[in-house]
Amino acid sequence: MKIISQQVLSWYYENKRDLPWRTTNDPYNIWLSEIMLQQTQVDTVIPYYNKWIEKFPTLRQVANSNLDDVLKMWEGLGYYSRGRNFHKSALIIENQHNGIIPLTYDEFKSLPGVGAYTANMVLSIVSKEPRIAMDGNIRRIGFRLLGLKRQTPYNIKRLELWFNKGISKNRPGDFNQALMDLGSSICKAKMVRCDQCPISKICVAFASGSPLDYPCITKKKKTPHYTVATGLIWQEDSFYIQKRAENGHLGGLWEFPGGKIEKNESEIDTVKRKIREECQFEINPEKKIGTIKHVYSHFSISMSLYHCLPIEDIPVKNNGQMRWIKPAEISKYAFPKANHKLFHLLKNQNWNRNV
DNA sequence: TAAGCGTGGGG
DNA sequence: TCCCCAAGCTT
């Protein structure tokens, strides 16, 4: 196992990518990068990480900002609870830890959004603690090295113990990152380059001749499809948006009012009903502007947008849950991708307000 | 334990 | 086009 560690590390140093967060061992930077990298590929994260550090050079600046600014920086990255939890953690550290990130495993892992993987990874890098960070890559590599197939909690625990015995004691952080780079470039889930792998000699899956059979694939459930209808309501040169509940799907982001159509309901009736329920005013959908499609983690939607005329006078009040904004102000608010697709439709129509 | 959570890219 | 995948965490 010691030999594996050496071979993996030399492969890493030869093929190491220069990533922005690899220029420092500051726990703030490392922690942020690990949160952004959850379920997200490196090339996607890089621009978000750079923009974030430019806006929030220190954790204190995250704590002193409001959630809207944080979500704006997270806009488009997905899994928005990561951003909300990171902001929440920043406040906890500022208020309860004098602004110092607590670097004991139990304290750090107790922060919102920090799980076993993130805690192990951060501590292995910033404190050189010999902790394997069992992410999807390292897990997959372990299954193949040891020739395990069934993804049971028992097998995963076995792997963790095995890796923790063999992890480099001098460079645990590099060892973790090395295995992850190996997993994301050589030992991928559906494609392997065993001829380039520094440890194929001791790999049971490689020896078997069909490495992709390890671990065995678990079948995924089909995701449902929903039809959603939303309304565009003008008042002078501004239109209406509202904020989603902070703890739900796309929590804290802004959107057009509307929602799912129910059985035997027309899109127009849906827009009327949802706006009556959510906004407490009456509108009349006049004309369909267009429809976009979007796929989320666990369902997909077709979303239509309707020009709506107010039936009654709508009070123009702006608060934390509702705003009247001009098209040019879109960039000040965080919107989900589906809304940006609708904005794109509207741009192509020059934001024509005539119904 | 298993479902829920975004988005972009690859085959 | 469709399906799967990607440095997980929370409930």
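Labels below follow one simple rule: chain letters A, B, ... track the order of the sequence lines, proteins then strands, and each chain is numbered from 1.
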J.: Can you label the angle between the A:Trp351 ring and the A:Phe239 ring as parallel, tilted or perpendicular, going by 30° and 60°?
T.: parallel

J.: Over how many whole Å does the gap from A:Phe86 atom CZ to C:dT10 atom P extend?
T.: 14 Å

J.: In whole Å, what is the span from the CZ atom of A:Arg139 to the P atom of C:dC5?
T.: 13 Å

J.: Going by heavy atoms closer than 4.0 Å, what residues in residues 129-138 of chain A are next to DNA chain C?
T.: A:Asp135, A:Gly136, A:Asn137

J.: Tell me which pairs pass ring pair (Phe, Tyr, Trp, His ring centres under 6.0 Å) where either residue lies in residues 95-128 of chain A, with sequence neighbours left out.
T.: A:Trp31-A:Phe108

J.: Do you know which two heavy atoms are closest between A:Ile199 and A:Gln7, and how far apart they sit?
T.: CG2-OE1, 4.0 Å

J.: On a whole-Å scale, what distance lies between the C1' atoms belonging to B:dT1 and C:dT11?
T.: 11 Å

J.: Shortest non-hydrogen contact from A:Glu262 to A:Arg273?
T.: CG-NH2, 3.3 Å

J.: Please report the closest heavy-atom contact between A:Asn176 and A:Ser124, naming both atoms and the distance.
T.: ND2-OG, 3.0 Å

J.: Write down the atom of A:Cys216, the atom of A:Gln151, and the distance for their closest heavy-atom approach.
T.: O-NE2, 3.8 Å

J.: Report the distance from atom CG of A:Asn176 to atom P of C:dG8, rounded to the nearest whole Å.
T.: 12 Å

J.: What string of B, S and - do you get for nucleotides 2-11 of chain B, 5' to 3', if B is base contact, S is sugar-phosphate-only contact and - is no contact with any protein heavy atom under 4.0 Å?
T.: -SBBBBS---

J.: Which residue is it: A:Trp52, A:Tyr49, A:Trp21? I am looking for the one with a side-chain hydrogen bond (donor to acceptor under 3.5 Å, both in side chains) to A:Asn29.
T.: A:Tyr49

J.: May I have the distance from A:Asn120 (atom CG) to C:dC9 (atom C1'), rounded to whole angstrom?
T.: 14 Å

J.: Taking the P atom of each, how far is C:dC4 from B:dA3, in whole Å?
T.: 15 Å

J.: In terms of ring plane angle, is the pair A:His294 and A:Tyr296 parallel, tilted or perpendicular, where the classes change at 30° and 60°?
T.: perpendicular

J.: Using the P atom as the reference point in each nucleotide, state the distance between B:dG10 and C:dA7 in Å, no decimals.
T.: 14 Å

J.: In whole angstrom, what separates A:Ile217's CD1 from C:dC4's P?
T.: 10 Å

J.: Near DNA chain B, counting only heavy atoms under 4.0 Å, which residues of residues 99-109 of chain A show up?
T.: none

J.: I need the minimum non-hydrogen distance between A:Lys109 and A:Ala119, along with the two atoms involved.
T.: CB-CB, 4.0 Å

J.: Starting from P on C:dC3, measure out to NE2 on A:His225 and report it in whole angstrom.
T.: 13 Å

J.: Other than A:Ile261, what residues sit in its cluster of Ile, Leu, Val, Met, Phe, Trp and Tyr side chains whose heavy atoms are under 4.5 Å apart, directly or through others?
T.: none

J.: Starting at atom OH of A:Tyr117, determine the distance to atom C1' of C:dA6, rounded to an integer number of angstrom.
T.: 12 Å

J.: Is A:Ile314 isolated, or which residues cluster with it under the ILVMFWY side-chain rule of less than 4.5 Å, directly or via members?
T.: A:Ile233, A:Tyr240, A:Ile268, A:Val271, A:Ile275, A:Phe281, A:Ile283, A:Tyr306, A:Val316, A:Met322, A:Trp324

J.: Tell me: CG of A:Leu19 to P of C:dA7, nearest whole Å?
T.: 13 Å

